[in-house]
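See below for the structure under consideration.
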Amino acid sequence: MTPPEAPEDGNAAQGTVPPAVSVRPHSGLITLTKRADFLRAARARRQGTASMMVQGRQRAEDETPTGIRVGFTCSKKVGNAVARNRAKRRLREAARLVLPEAGRAGWDYVLIGRAEATAARPFDALQNDLRHALRNLHGSQ
RNA sequence: GCGGAGAGCCGGAUGGCCGCUGGCGCCGAAAGGUGCGAGAGGAAAGUCCGGACUCCCCAUGACAACGGUGCCGGGUAACGCCCGGGCAGGGCAACCUGACGGACAGCGCCACAGAAAACAAACCGCCCGCCGCACCCGAGGUUCGCCGAGGGAGAUUGCGCACGGGUCAGGAUGAAACGGUGGGGUAAGAGCCCACCGCGCCGCUGGCAACAGGGGUGGCACGGCAAGCCCCACCGGGAGCAAUGCCAAAUAGGACCUCCGCGCGGGCUGGUCCCCUCGGGGAUACCGCCGCUAGGCCGGUCAUGGCCAAGAGAGGUCGGGUUGGCAGCUGGACGCGCGUGGCGACACGCGCGCUAGAGGAAUGGUCAUCGACGGGGCCACGCCCCCGAACAGAAUCCGGCUUACAGGCUCUCCGCGCAU
RNA sequence: UGGGGUGUAGCCAAGUGGUAAGGCAGCGGUUUUUGGUACCGUGUACCGUAGGUUCGAAUCCUACCACCCCAG
């Protein structure tokens, strides 16, 4: 079951969306905060790996055109607050290292943590999982 | 040495590289850059109590409702917390545990079983008296086994229980039954009497008190449950940092509902109107102003006090817009050390220190070395190698409680064993 | 941050101090050529967990656990 291509995203977005995201100049990445952005990414294509689930989509023309935006999700299924924070931090660090070279500008990515695996997987394997998922997301277009 | 009890503390360490969030300094018009320094806990958790703070315009008192607390004294800003003491229970002991006011203010409940479940009696039973029978005589009858009117004896014993009385010792039960044990006593029994214990009442002594000790006295009148309702004493106004305030932007200059009203007075250096000798005088329907009062409000009622006031009134619901920034925001009932007072909780004084402030939410990732415990490999000690690291993440801030927790350290005390 | 509710058999559930109802499902049997329907019988609960009050607790009290809902 392939997810829908979400063609109506551009029409649904109200023309002047303020940049309600925090800018981190060092990494060049922008963090997603709005629920609507997460919902749009969830309707787009996804790729699962052993340590995480990655969702990605190319933004429409009337949205913020430049930069790579990324969001992180760890639900209660991952564990208690310590486990969720740890998983999010590892995902954030992997995104900081991998996305500037493997990601594409104008795209939104959402990284979703898994129970046990996101916190326990060796860090280089975690980065390779992210690279592999990004290749599949870009290539399957 | 073994076992145990109490109190307190720690919660891997160091370094390299790459990152994140505040603070201060410097450079820069700004964006930003750069240097220095800081960056999760004993429970940050559960959100169970108590406060600070902010708003509800601000309160005081009484009563009612509701909720909470509950041996006594103290500590504290306060507490349902802590300390000390009392009592009860557990333990050989160190010590531990305890929702521990009131059941003669009232209501209610106590299933089943049991004679009886609350106030004292009824019932069974026991005992005494009386009566009848069993004993003797015996009219008469007879199926020849006996039946039997009536009379006598009443010493003992037995049976029956009709009647009168005594009685609660005993009565299968039950969690609980006119106090328990022993002795005397009696027709049988009984606090009927005595000793000890328990209980109630009244003085005395010690203690601030809870309470304890001892004395007298009553012969026992007082079952349990208040974590059933309740009574007594004490405490509590409500909401919560998404409180609250400011700035900016945007929408808009809203709609609807409820309540109280639309009175009186004063010409008042206002407006307006009238008269006039142009100085002034007069009027008050209307607009404005001032005052009074009905009334409303101060989330239960009343009183005191206060506020509003005859509408730019008070209260509420809905609709529309925004999802930005700043303040609140971390220096505080703060931490550490010393001294004094106190058994202690703690208080006071002096000195030193500044110790996270994020905002969909930072405090991280990775590598190396060391260290601790457990498991495995090695024939085996040592050595070496490998694997696994407790519970858990600040969100306005404090004081507590509760719950979770690998492992380790320090001090004090108790019991047993051995040695001296 | 504050407030409210629920937890009983595999499922839905009644019970508010005294041996824990009922229905569906399951199993066995009768009926039927077989299945279904119908009828009869039957098992299944440490009442979320742990303490306490009481003679006695699903019920009352306390603490904890899990889930759900509401408001700003």
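A, B, ... follow the sequence lines: proteins, then strands. Residue 1 opens every chain.
- Nucleotide B:G295 is matched to B:C308 when pairs are restricted to Watson-Crick or G-U wobble geometry with both distances under 3.5 angstrom.
- If you take atom C1' in B:G179 and the same atom in B:G200, they sit 12 Å apart, rounded to whole Å.
- In textbook terms, a nucleotide whose glycosidic angle is within 90° of 0 is syn, and B:G42 is one such case.
- Atom name P, nucleotides B:G279 and B:U293: the rounded distance is 44 Å, in whole Å.
- When the C1' atom of B:A40 is taken as reference, atom CZ of A:Arg86 falls 15 Å away, rounded to whole Å.
- We find that CZ of A:Arg96 is positioned 8 Å from C1' of B:G365, with the value rounded to whole Å.
- By the rule that a glycosidic angle within 90° of 0 means syn, B:G279 counts as syn.
- Checking B:C326 for Watson-Crick or G-U wobble geometry (two distances, each under 3.5 Å) identifies B:G245 as its partner.
- B:U47 makes up no base pair with any nucleotide shown, lacking Watson-Crick or G-U wobble contacts both under 3.5 Å.
- Taking the C1' atoms as reference points, B:A115 lies 9 Å from B:A122, given to the whole Å.
- The CZ atom of A:Arg92 sits 12 Å away from the C1' atom of B:A358 (whole-angstrom rounding).
- Put simply, CG on A:Asn85 is 13 Å from C1' on B:A395, counting in whole angstrom units.
- Inter-residue side-chain proximity for A:Glu101 and A:Arg131 is flagged as met; some heavy-atom pair is nearer than 4.5 Å.
- With its glycosidic angle within 90° of 0, B:A221 is assigned syn.
- Taking the P atoms as reference points, B:G80 lies 15 Å from B:G75, given to the whole Å.
- Of the listed nucleotides (B:C18, B:U366, B:A392), B:U366 has the atom at the smallest distance from the side chain of A:Phe123.
- As rounded to whole Å, 9 Å separates atom P of B:C367 from atom CZ of A:Arg90.
- Pairing of B:C384, defined by two Watson-Crick or G-U wobble distances under 3.5 Å, is identified with B:G377.
- Neither A:Leu91 nor A:Val82 shares a network with the other; the hydrophobic side chains, linked directly or stepwise wherever heavy atoms of I, L, V, M, F, W or Y lie under 4.5 Å apart, form separate groups for each.
- Under the Watson-Crick or G-U wobble criterion, with both distances below 3.5 Å, B:C192 is paired with B:G184.
- One interatomic measurement links the two molecules: CG of A:Leu111 to P of B:G365, which rounds to 16 Å at whole-angstrom precision.
- The nucleotide B:A395 finds no pairing partner, because no Watson-Crick or G-U wobble arrangement with both distances shorter than 3.5 Å includes it.
- Here B:G393 presents its P atom at 13 Å from NZ of A:Lys88, a figure rounded to the nearest Å.
- A distance of about 11 Å separates the P atoms of B:U403 and B:G98, rounded to the whole Å.
- When the C1' atom is compared between B:C231 and B:G108, the two are found 15 Å apart, to the nearest whole Å.
- Comparing A:Ala81 and A:Arg89 by the nucleotide of RNA chain B that holds the closest heavy atom to each, the one mapping nearer the 5' end is A:Arg89.
- Spacing between B:C107 and B:G102 at atom C1', rounded to whole Å, works out to 16 Å.
- Across all strands shown, B:A7 forms a Watson-Crick or G-U wobble pair with B:U410, both key distances being under 3.5 Å.
- The backbone N or O of A:Thr49 lies less than 3.5 Å from a partner atom in the side chain of A:Arg114, making a donor-acceptor pair.
- Salt-bridge formation is detected for the pair A:Glu93/A:Arg96: a Lys NZ or Arg NE/NH1/NH2 atom is positioned less than 4.0 Å from an Asp or Glu carboxylate oxygen.
- The backbone N or O of A:Leu134 lies less than 3.5 Å from a partner atom in the side chain of A:His138, making a donor-acceptor pair.
- The two residues A:Leu126 and A:Arg90 make their nearest non-hydrogen contact at CD2-O, 3.9 Å.
- Anti is the conformation of B:A195, whose glycosidic angle sits further than 90° from 0.
- A donor-acceptor distance shorter than 3.5 angstrom exists from the side chain of A:Thr118 to the backbone of A:Ser51, with no hydrogens or angles considered.
- Rounded to whole Å, the distance from CZ on A:Arg84 to P on B:G364 is 17 Å.
- C:C65 and C:A50: their P atoms are spaced 15 Å apart (whole Å).
- Remark: B:G22 base-pairs with no nucleotide in the shown strands. Criterion, Watson-Crick or G-U wobble with two distances under 3.5 Å.
- The glycosidic torsion of B:G375 lies more than 90° away from 0, placing the base in the anti range.
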